[in-house]
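In what follows, a single structure is set out as structure tokens and then discussed.
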Amino acid sequence: MTESLLERSARFIDGAVYEGPESVNPVDGSFHEIADGLGLVCGFSHIWSLDAGEGLVVVDTSQPDFASAAVEHLRQWRDVPVDTIVYTHGHMDHVSGSRVFRDDAAGRRRSLPEVVAHDAVGQRLDRYGITRGYNEVVNARQFGWRYRAGSFDVDWIKPQVTYSDGLDLEVGETRMQLIHEKGETDDHTIAWVPQQGILLTGDLIIWAFPNAGNPQKAQRYPAEWAAALRRMIDLRPSLLAPAHGLPIAGAERIGRVLDDTATALEGLVADTLAMMNGGAPLDEILHTVRVPQDLLERPYLRPSYDEPEFVVRNIWRLYGGWHDANPARLKPAPEAAVAAEVAAMAGGAAALARRAVELCEAGELRLACQLVEWAAQAAPADTEVHAARAEVYRIRRGSELSLMARNIFRDAHCASKARVQPEPPPD
């Protein structure tokens, strides 16, 4: 028999089993009825649907291609209108598929679904409008070949109904409590369906270490995230429905996942603040504060997307600002000027690049990256230097666990590789 998603999550959690990121985060567009009247379309992000009697409540709409798959699945599952769409937050992979649902409703001459979200979602979508180019650049870097250019060139559908702290939502036979929490974003909603014990968590649970540090994105809130997880434990849900990853059944199992995740975040916040309060600079904190390894080995806390070191940086940014306590970096010289001076002292950019390769081979990858960056900045047209840079970042990428680190290093590797082996002009 085929293992259900609930059976798989129970096996992974109860047996501490981990079979890779794909095993815990299905994104194949498949449909699953997780419980009576609760449907899931697996995507990036997931699309959850609740049968409210004469209509559906859809929680998150993913991206257009997954939304198109969801429309077809839902038509076969329950051929009733989508009455309400709830955004758990305003990230592109949760809201950009909403127009597919609206266009489907219009094409079938049904009432358009009403979109509900936190007050700050509209402000986020406005911000995407003025930072469209930046978001295209950083998402292409963060997701690599998985990212589709133009994903932020969207006519966003803003919520028609918003709330500040909480909202009791009634759709047909479904009673749902929308609760504002801060964590990955400042506009996050969790949805609690008390009569069925279903908790829809959005991105507060993602079957990976919490995305509380993302190096290229806006501020995250790890302390508030941990507090939200503690409040979710108090609800005693019997079914947890995340926006990424596997659904989880059983109050005890769910409580364990929520508690472990909260504990990991609380430890990072407490240890980072203790060192900040003791006057430690960011560099010392980054190389001191750690999450216990036994937590990172949980199948739902592997640093496969974000990682604790990045979260420490976000804690510093939240409480301490952007200055890292190194006075030389308060008003620094241009990086190219520093690189040229270091290269001159080392005997040239080529010497720096050679030393970087030696360090890389010795496993000193952080030092190797710094030296090869100086070499490339000092001699930006030198193909031998770029060959060394490409090799250093190829090795560095292969040593990393998190998607964010791997793809940033991949981007550096590809940029230098293109300098060494430029693509031939088109015929």
Side-chain angles (χ1 to χ4, degrees), residues 21 133-149 213-217 282-283 286-287 303-314 322 324 326 328-329 331-426:
Y134 175 75
N135 276 292
E136 288 287 343
V137 168
V138 299
N139 277 280
R141 187 184 300 134
Q142 179 168 315
F143 295 106
W145 60 268
R146 297 177 179 86
Y147 183 70
R148 290 187 179 181
N214 194 317
Q216 303 178 98
K217 301 294 181 68
L282 177 58
D283 180 73
L286 284 172
H287 294 96
S304 59
Y305 184 52
D306 203 339
E307 57 185 277
E309 181 175 332
F310 300 156
V311 179
V312 171
R313 286 188 178 274
N314 238 341
W322 60 264
D324 63 2
N326 181 335
R329 285 195 284 262
K331 299 183 72 174
E335 290 182 353
V338 174
E341 188 66 23
V342 172
M345 290 188 295
L352 272 180
R354 286 193 298 271
R355 180 56 179 159
V357 172
E358 291 172 359
L359 287 168
C360 193
E361 292 172 348
E364 297 288 349
L365 299 181
R366 294 186 184 232
L367 277 174
C369 289
Q370 180 61 78
L371 294 193
V372 86
E373 276 303 298
W374 277 332
Q377 289 171 334
D382 190 318
T383 56
E384 291 187 12
V385 166
H386 278 285
R389 184 175 185 265
E391 178 65 6
V392 166
Y393 281 114
R394 182 190 68 80
I395 294 172
R396 183 72 188 273
R397 181 195 180 210
S399 73
E400 297 292 332
L401 295 177
S402 74
L403 178 142
M404 294 181 191
R406 287 200 314 273
N407 281 348
I408 289 175
F409 295 140
R410 173 191 174 275
D411 185 72
H413 160 77
C414 291
S416 278
K417 187 176 179 181
R419 296 286 192 99
V420 178
Q421 298 174 333
E423 294 183 7

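For the numbers below, each heavy atom of this structure counts, side chains included, while hydrogens, waters and symmetry mates do not. All residue numbers refer to positions in the sequence shown, counting from 1.
- Looking at heavy atoms from C-beta onward, Leu282 lies in side-chain contact with Arg313 at the 4.5 angstrom threshold.
- In this structure, Ala387 and Val420 approach most closely via the heavy-atom pair N-CG2, 3.4 Å.
- Atom NE2 of residue His413 and atom CD1 of residue Ile395 lie 10.5 Å apart, to the nearest 0.5 angstrom.
- Remark: the Gln142 side chain and the Asn214 side chain contain an N/O donor-acceptor pair separated by less than 3.5 Å.
- At least one side-chain heavy atom of Ser402 sits less than 4.5 Å from a side-chain heavy atom of Phe310.
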Report the C-alpha distance between Asp324 and Arg329 in whole Å, list the side-chain angles of each, state the deciding distance to 0.1 Å, and finish with yes or no for side chain to side chain contact (heavy atoms under 4.5 Å, CB included). CA-CA 8 Å; Asp324 63 2; Arg329 285 195 284 262; 2.6 Å; yes
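- To the nearest 0.5 Å, the span separating CZ on Phe143 from CG on Leu403 amounts to 6.5 Å.
- Here the CG-NZ distance, from Asn135 to Lys217, works out to 6.5 Å after rounding to the nearest 0.5 Å.
- Counted within 6.0 Å of CZ on Arg141, heavy atoms from surrounding residues, nucleotides or ligands total more than 12; the atom is thus considered enclosed.
- Heavy-atom minimum distance, Glu307 versus Pro303: CB-CB, 4.0 Å.
- Looking only at distances, a side-chain donor or acceptor of Arg389 sits under 3.5 Å from a matching main-chain atom of Ala412.
- Note that the CG atom of Leu365 and the CD atom of Gln370 stand 13.5 Å from one another [nearest 0.5 Å].
- A donor-acceptor contact shorter than 3.5 Å is absent between the side chain of Asn407 and the backbone of Arg410.
- Arg406 contributes a side-chain N or O that, together with a main-chain N or O of Leu401, makes up a donor-acceptor pair within less than 3.5 Å.
- Tyr305 pairs by the ring pair (Phe, Tyr, Trp, His ring centres under 6.0 Å) definition with nothing, not counting sequence neighbours.
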Show, in sequence, the C-alpha distance, side-chain angles and deciding distance for Glu373 and Tyr393, and conclude whether the side chain to side chain contact (heavy atoms under 4.5 Å, CB included) test is met. CA-CA 10 Å; Glu373 276 303 298; Tyr393 281 114; 3.0 Å; yes
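- The environment of CD in Glu341 is sparse: at most 12 heavy-atom neighbours from other residues, nucleotides or ligands sit within 6.0 Å.
- Side chain of Asp306 to main chain of Gly213: a donor-acceptor pair is present (N/O by atom type, distance under 3.5 Å, no hydrogens or angles).
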Identify each donor-acceptor pair in which a side-chain atom of residues 350-360 lies under 3.5 Å from a protein atom, sequence neighbours left out, and give them as a table.
residue, atom, partner, partner atom, Å
Arg355, NH1, Glu358, OE1, 3.1

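- In this structure the side chain of Glu391 never reaches within 4.5 angstrom of the side chain of Val372, judged on heavy atoms.
- Going from atom CZ of Phe409 over to atom CZ of Arg394 covers 14.5 Å, rounded to the nearest 0.5 Å.
- The residues Glu364 and Arg396 are annotated as not salt-bridged, no charged nitrogen and carboxylate oxygen being separated by less than 4.0 angstrom.
- The backbone N or O of Asp382 sits nowhere less than 3.5 Å from a side-chain atom of His386 that would complete a donor-acceptor pair.
- Rounded to the nearest 0.5 angstrom, Asn314 CG and Glu309 CD are separated by 12.5 Å.
- Open room surrounds NZ on Lys417; 12 or fewer heavy atoms of other groups in view lie less than 6.0 Å from it.
- What you find for Ala349 and Ala375 is that their closest heavy atoms are O-CB, 3.5 Å.
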